[in-house]
There are 2 protein chains.
Amino acid sequence: MLHEEVVGRIRDILLDGEIPPGARIPERELCERLEISRTPLREALKVLAAEGLVQLLPHRGSRAAKLTDKDMRDLFEVCQGLEALAGELACERITDRKIAEIAAAHAAMVQHYREGDLLQYYRGNRAIHEGIVNAAGNPVLAALYATVTARIRRARYVTPMTPQRWALAVSEHEAILNALQRRDGAGLSHILRAHLRHKREEVLQAGFAETETSELALKIA
Amino acid sequence: MLHEEVVGRIRDILLDGEIPPGARIPERELCERLEISRTPLREALKVLAAEGLVQLLPHRGSRAAKLTDKDMRDLFEVCQGLEALAGELACERITDRKIAEIAAAHAAMVQHYREGDLLQYYRGNRAIHEGIVNAAGNPVLAALYATVTARIRRARYVTPMTPQRWALAVSEHEAILNALQRRDGAGLSHILRAHLRHKREEVLQAGFAETETSELALKIA
DNA sequence: TGGATCATTTTTGCATTCAAAATAGAGATG
DNA sequence: CATCTCTATTTTGAATGCAAAAATGATCCA
């Protein structure tokens with residue numbers, strides 16, 4: 001198994017919440033499961049620590065990083081900035097073909113919304129946002145976006161969704177697609193910011209906080 | 001020596017150009033120099049690879065990352081986005097005290113400009129940009145900014161500077177300070193973008209390119 | 001019974017070792 | 001003389017082993 005694959009596997013384990021935030025990362029167990037020794041595992045953990053998904057405590061091992069409200073706010077803020085930038089660049093560079101692809105993804109997502117399939121809706125949602133970021137044609141931007149969204153993903157796609165909020169999100173997505181089709185960079189950038197600001201408010205209001213509170217909730221459950 | 005320290009030491013070696021872009025990283029030699037064994041060294045290299053400073057070639061070791069023109073453009077583009085965001089946030093959050101500090105740094109930098117001390121000018125320049133980014137009060141943003149600027153630093157502070165360009169840069173910095181003092185987020189953001197766009201043009205026009213061309217130059221030299 | 005102290009076990013971090021892969025070099029061949 | 005092939009050496013990537021640090025828990029004493 002290649003180094004990058006090890007990193008990816010552990011990242012998935014963390015993002016799936018299989019090792020909950022704040023929990024110790026069981027080295028030996030993971031070694032057995034991934035069928036590797038401690039050396040490559042530890043290399044991967046250091047990389048994930050640099051990404052912010054893992055917290056290293058000298059002489060006390062590693063834990064799945066636990067996000068505070070402040071962390072979450074900061075991450076959303078940066079995510080907004082990155083998506084806004086991506087939106088502007090995408091409008092300058094995107095091909096008609098790519099726009100058509102995103103329009104198709106949008107239609108599919110709306111269909112999932114109509115069917116009330118939240119999971120598929122989130123999948124489609126993510127595909128659209130990633131599509132815009134990729135259309136910016138800037139791999140550096142895409143890579144940073146990937147690490148930032150990875151860190152907030154759990155909260156983002158776990159927050160309960162009221163009908164009103166969901167409807168708002170879908171209408172915002174209509175505007176997003178519209179701006180993209182008009183290649184209105186400033187407009188797209190603006191809408192994306194608002195869209196993410198709303199999402200952030202949802203997440204934070206949902207009393208997200210991977211803090212003692214939700215630790216407690218986990219223990220009770 | 002702590003893990004983070006090892007990463008920092010190697011990062012400095014790379015940023016100082018002691019191992020030039022594209023060159024193989026001599027594992028054994030670095031081990032001796034840092035007085036560590038290969039295990040922690042390789043952990044650090046993988047982290048630096050994730051940061052983009054090192055390129056890992058499976059079964060062929062690691063090299064100091066070599067930036068193409070495209071990489072440089074992408075990095076500047078992202079840097080612009082991050083600084084623009086930081087500028088907006090800083091205007092909302094910065095204290096009078098912090099503004100005074102940055103004003104002082106600005107005055108010092110102008111003094112270095114008048115004296116024609118390019119190295120000190122660059123130092124001051126960097127302090128101001130970092131000051132603004134830190135004033136945004138967003139550690140996630142600050143961390144991403146640090147990695148992006150690290151990657152372009154060499155080119156940024158090595159490019160030759162014509163009197164015209166230098167004068168322009170200083171006048172832009174006057175405008176930056178001005179916008180900050182007025183807490184004009186939109187204005188600051190706008191100026192920072194223009195400032196970085198100019199810097200990028202300088203660097204790229206200077207025929208930067210850590211490519212075959214400069215490889216050749218290195219070999220000849 | 002509560003808590004402090006010290007031995008035992010476990011875990012961590014790193015050096016070393018070992019197998020596999022890549023590179024270099026000598027010799028053969030056209 | 002250039003090129004190809006096959007072996008020897010080096011280098012890489014990962015498993016193991018070992019010393020130091022931390023966690024555990026057993027014992028003693030107030």
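Everything quoted here is computed from the prediction, not taken from an experiment. Throughout, a chain's letter reflects where its sequence line sits, starting with A, and its residues are numbered from 1.
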In a table with atom names and distances, give each donor-acceptor pair under 3.5 Å that connects a side chain of residues 49-58 of chain A to protein atoms at least two apart or in another chain.
residue, atom, partner, partner atom, Å
A:E51, OE1, A:R11, NH1, 2.6
A:E51, OE2, A:R11, NH1, 2.9

Acceptor/donor pairs from residues 84-98 of chain B side chains to any protein atom, 3.5 angstrom cut, sequence neighbours excluded:
residue, atom, partner, partner atom, Å
B:R93, NH1, A:E77, OE1, 3.1
B:R93, NH1, B:A136, O, 2.8
B:R93, NH2, A:E77, OE2, 2.6
B:T95, OG1, B:K98, N, 3.1
B:D96, OD1, B:R183, NH1, 3.4
B:D96, OD1, B:R183, NH2, 3.0

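Within residues 34-52 of chain A, the residues that place at least one heavy atom under 4.0 Å from DNA chain D are, in residue-number order, A:I36, A:S37, A:R38, A:T39, A:P40.
Boundaries of the chain A contact region on DNA chain D are D:dA14 to D:dA23, first to last in 5' to 3' order (nucleotide atom under 4.0 Å from a heavy atom). Of all nucleotides in DNA chain C having an atom under 4.0 Å from a heavy atom of chain B, the first and last in 5' to 3' order are C:dC14 to C:dT23.
Considering only residues two or more places apart in sequence or on other chains, A:D71 meets the side chain to side chain donor-acceptor pair (under 3.5 Å) condition with A:T68. Residues forming a side chain to side chain donor-acceptor pair (under 3.5 Å) with B:R200 (at least two apart in sequence, or on another chain): none. With sequence neighbours excluded, the residues that form a salt bridge (charged side-chain N to carboxylate O under 4.0 Å, His left out) with A:E18 are A:R33. Taking the salt bridge (charged side-chain N to carboxylate O under 4.0 Å, His left out) definition, one finds that A:E43 meets it with B:R42, B:K46, sequence neighbours left out. B:R63 is linked by a salt bridge (charged side-chain N to carboxylate O under 4.0 Å, His left out) to nothing, counting only residues two or more places apart in sequence or in another chain. Residues satisfying the side-chain contact (heavy atoms from CB on, under 4.5 Å) test with B:A103, not counting sequence neighbours, are B:L177, B:Q181. Among residues two or more places apart in sequence or in another chain, the ring-ring contact (aromatic ring centres under 6.0 Å, His included) test is passed with B:H173 by B:H129, B:H195.
Between B:H198 and the options B:R165, B:R193, B:E172, a side-chain hydrogen bond (donor to acceptor under 3.5 Å, both in side chains) holds for only B:E172.
Residues A:H59 and B:R60 each lie close to DNA chain D; by heavy-atom proximity, the contact nearer the 5' end of the strand is made by B:R60.
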